[in-house]
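Structure, as structure tokens:
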Amino acid sequence: MLKQTPSQTVGPYFAYALTPQPYGRVGLGSGTMVDPDTRGERIRIEGRVFDGTGAPVVDAVIELWQANAAGRYRHPADTRDQLELDPHFTGFGRTGTDGQGLYWFDTVKPGALGDGQAPHVNVTVLARGMLSHAFTRLYFHDEAGANAEDALLQSVPADRRATLVARRAETAGGVAYRFDIHLQGDDETVFFDA
Amino acid sequence: MTDVETTDAKSPGYRPRDWSQHPPYLSPEYKSTVLRSPRKALIPMKGSLSELTGPVFGHESLDALDADLTRNGRVNGEPLGERIIVTGRVLDEDGRPVPNTLLEVWQANSVGRYVHKWDQHDAPLDPNFFGAGRCATDENGRYRFLSVKPGAYPWRNHHNAWRPAHIHFSLFGPSFVTRLVTQMYFPGDPLLPLDPIYNGVPEGARERLVSRFSIDVTEPEWALGYEFDIVLRGRLETPMEG
């Protein structure tokens with residue numbers, strides 16, 4: 001068997017390649033995951049990324065991967081053809097944190113997959129100082145019933161579960177879910193060995 | 001909640017990340033890891049449709065000059081530096097090619113300066129070199145791009161710290177969990193044994209981040225050739241439990 005190629009940090013100087021919009025180039029993804037015709041409830045996902053001292057991480061890359069509003073992934077392994085794909089939604093977003101460590105995505109709330117898991121968004125965190133990337137998940141605070149039935153979420157020690165649950169807020173711009181990511185410290189976000 | 005049967009229970013998932021090959025989060029010689037490394041144990045995950053799927057990018061995501069970094073940043077001439085051809089195969093742990101998968105690459109210019117707005121290294125920008133590109137694998141998992149050899153640059157991690165010449169690679173592979181971001185190095189670089197980022201990878205694994213010079217890939221009167229194969233996580237042999 002071949003051995004996996006080792007991971008290395010994304011470093012500090014990735015923006016012109018991975019989030020190149022400020023450099024006048026088109027990236028694979030951005031913080032805007034929807035267009036006017038995307039189906040589903042519009043939400044903003046936003047938060048800040050912090051290091052072990054609580055200082056903002058201003059050079060992280062956050063990537064999201066999620067199902068559409070009907071609970072369908074745009075991927076060949078999701079063969080549930082009875083659930084519609086949305087031509088206006090890929091499910092992928094990528095953005096960098098700003099000078100305050102803040103990131104945001106405009107997206108739709110994902111539907112449940114129908115396999116017992118609560119609605120969730122898959123999250124990858126990359127940064128200078130992270131030799132391997134980290135996987136986490138965002139769950140929704142207003143899905144308490146589904147969250148209580150989610151086997152993965154319930155497998156997380158109870159005192160750490162809240163780090164995975166984004167709180168809903170009604171803002172002037174619409175519905176926002178707040179999801180801060182703590183790389184380290186008392187409030188360290190739960191990361192998965194995915 | 002829709003009541004539909006998911007197919008994930010019938011599809012084999014992906015082998016776990018092999019932590020004997022990947023660097024640990026905390027690697028104190030690389031100082032930025034000290035406050036940015038998760039310290040609590042990772043929570044195990046069985047895997048579900050969320051981990052079997054992922055963003056799909058391939059040839060359809062490419063523009064004509066994406067795989068030619070010697071041309072995709074030109075303003076009024078050719079970039080300076082030693083032209084290189086970088087090629088290799090993207091395989092899974094079972095040696096199966098990963099076809100039509102996208103690679104994003106980025107690097108410093110030939111004198112070790114990045115286009116990135118934060119890079120203040122006192123070395124000149126090259127007006128004809130941007131330093132970022134993309135390519136995709138063919139049906140045999142092979143990729144190829146053109147560039148110029150990046151220079152070493154200082155990075156203040158410790159006294160007289162210099163990064164060995166490297167090219168950054170980012171791949172998604174077939175699923176969200178096959179994601180890989182890594183760096184390719186050049187053979188014989190005297191800075192490698194001194195580099196905490198390279199040395200963060202376990203001994204015996206880090207050597208696979210060093211490309212091979214190839215006279216067969218080298219093209220006469222044009223460019224030097226380097227080969228760099230990439231291995232992503234393979235499939236489990238048996239289907240996941242529900």
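The sequence lines fix the lettering, A, B, ..., with proteins before strands; numbering per chain opens at 1. Basis for what follows: all heavy atoms, side chains included, without hydrogens, waters or symmetry-related copies.
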If I measure from the heavy atoms of chain A, does [X] come under 4.5 Å with its side chain, its backbone, both, or neither?
X	result
B:Pro202	neither
B:Pro16	backbone
B:Ile197	both
B:Phe176	both
B:Lys31	neither
B:Glu51	side chain
B:Pro38	both
B:Arg17	both

> What's the shortest heavy-atom distance between A:Lys3 and B:Val231, and which atoms?
Replying inline: O-CB, 3.2 Å

> Would B:Arg113 and A:Tyr13 count as a side-chain contact (heavy atoms from CB on, under 4.5 Å) if you check the C-alpha gap in whole Å, the side-chain angles of each, and the deciding distance to 0.1 Å?
Replying inline: CA-CA 10 Å; B:Arg113 177 77 187 269; A:Tyr13 301 141; over 6 Å; no

> Taking the six-membered ring for Trp, are A:Tyr16 and B:His116 parallel (under 30°), tilted (30 to 60°) or perpendicular (over 60°)?
Replying inline: perpendicular

>> Check the orientation of B:Phe130 and A:Tyr23. Use parallel for under 30°, tilted for 30 to 60°, and perpendicular for over 60°.
In response: perpendicular

Listed by residue number, which members of [range] have a heavy atom under 4.5 Å from any heavy atom of chain B?
range	result
residues 30-39 of chain A	none
residues 40-48 of chain A	none
residues 87-103 of chain A	A:Phe92, A:Arg94
residues 164-184 of chain A	A:Leu183, A:Gln184

>> Set out, in order, the CA-CA distance, both residues' side-chain angles and the distance that settles salt bridge (Lys or Arg N to Asp or Glu O under 4.0 Å) for A:Asp59 and B:Arg36, then state yes or no.
In response: CA-CA 11 Å; A:Asp59 50 6; B:Arg36 292 182 166 197; 2.8 Å; yes

Heavy atoms only, distances under 4.5 angstrom: which of [options] has the most pairs with chain A? Name it, please.
options	value
B:Leu232, B:Asn72, B:Leu91, B:Leu102	B:Asn72
B:His166, B:Arg179, B:Arg163, B:Arg206	B:Arg179
B:Thr53, B:Leu42, B:Leu35, B:Ile230	B:Thr53
B:Ala108, B:Gly54, B:Ala205	B:Gly54
B:Tyr198, B:Phe172, B:Trp155, B:Phe169	B:Phe172

In Å, rounded to the nearest 0.5 Å, how long is the span from [atom1] of [X] to [atom2] of [Y]?
X	Y	atom1	atom2	answer
B:Leu180	A:His133	CG	NE2	7.5 Å
B:Ser32	A:Asp51	OG	CG	10.0 Å
B:Ser175	A:Trp65	OG	CH2	10.0 Å

> When heavy-atom pairs shorter than 4.5 Å are enumerated against chain B, which of A:Met130, A:Arg137, A:Gln66 gives the highest number?
Replying inline: A:Arg137

>> I'd like to know which of A:Val49, A:Val156, A:Thr189, A:Leu152 tops the heavy-atom pair count under 4.5 Å against chain B.
In response: A:Leu152

>> How about CD on B:Glu29, more than 12 heavy atoms from neighbouring residues, nucleotides or ligands closer than 6.0 Å, or not?
In response: no

> Will you find, in the side chains of A:Gln8 and B:Tyr185, an N or O donor that is under 3.5 Å from an N or O acceptor?
Replying inline: yes

